[in-house]
Amino acid sequence: GSNPHALKSQIASLQKAFSDLIALSVKAQNAEMFERKFKSLSEEITKKQAELAELEKNQKTTDEIAERLEYIKVHIAD
């Protein structure tokens, strides 16, 4: 599957592409030409961010479970 670091760098490069595109469209003075690209980039960024949020949420749950298990092991061992 995906890992958070890979997703973060994908999001960063998508956002960079998005800013580059804004700069280009300003120079070109023909925003319509860029609209579809803007839309697809922005959808891609949103999708990746949602994926990342989901991954981090799952990671948090995994960490909490591990902590709970550790706690139980320590307290049962007594």
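With sequence neighbours left out, Glu64 forms a salt bridge (charged side-chain N to carboxylate O under 4.0 Å, His left out) with Lys60. Partners of Asn58 according to the side-chain hydrogen bond (donor to acceptor under 3.5 Å, both in side chains) rule, which considers only residues two or more places apart in sequence or in another chain, do not exist here. Residues satisfying the ring-ring contact (aromatic ring centres under 6.0 Å, His included) test with Phe38, not counting sequence neighbours, are Phe18. Evaluation of the salt bridge (charged side-chain N to carboxylate O under 4.0 Å, His left out) rule for Lys39 yields Glu43 as partners, not counting sequence neighbours. A search for side-chain contact (heavy atoms from CB on, under 4.5 Å) contacts involving Leu69 returns Ile65, not counting sequence neighbours. Qualifying salt bridge (charged side-chain N to carboxylate O under 4.0 Å, His left out) partners for Glu54, counting only residues two or more places apart in sequence or in other chains: Lys57. Listed by chain and residue number, Asp63 satisfy the side-chain hydrogen bond (donor to acceptor under 3.5 Å, both in side chains) test with Gln59 (two or more places apart in sequence, or in another chain).
Expressed to the nearest 0.5 Å, how far OG1 of Thr62 lies from CD of Glu67 amounts to 11.0 Å. With values rounded to the nearest 0.5 angstrom, Ile22 atom CD1 is found 9.5 Å from Leu41 atom CG. Taken to the nearest 0.5 Å, the OG atom of Ser40 stands 12.5 Å off from the CD atom of Glu35. Taking CG of Leu52 as the reference point, atom CD1 of Ile45 lies at 13.0 Å (rounded to 0.5 Å).
Applying the ring pair (Phe, Tyr, Trp, His ring centres under 6.0 Å) test to pairs two or more places apart or on separate chains, those with a residue in residues 46-74 are Tyr71-His75. Judged as a salt bridge (Lys or Arg N to Asp or Glu O under 4.0 Å), the pairs with a partner in residues 18-28 (not counting sequence neighbours) are, in order, Lys16-Asp20. For the ring pair (Phe, Tyr, Trp, His ring centres under 6.0 Å) condition, no pair includes a residue of residues 41-70, sequence neighbours left out.
With a 4.5 Å cut-off on side-chain heavy atoms, Lys73 and Glu70 count as touching. Residues Leu55 and Asn3 form no side-chain contact, since every pair of their non-hydrogen atoms from C-beta on lies 4.5 Å or further apart.
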Could you tabulate the donor-acceptor pairs under 3.5 Å formed by side-chain atoms of residues 4-12, not counting sequence neighbours?
{"from": "Lys8", "atom 1": "NZ", "to": "Glu56", "atom 2": "OE2", "distance (Å)": "3.3"}
{"from": "Ser9", "atom 1": "OG", "to": "Ala6", "atom 2": "O", "distance (Å)": "3.1"}
{"from": "Gln10", "atom 1": "OE1", "to": "Lys48", "atom 2": "NZ", "distance (Å)": "3.0"}

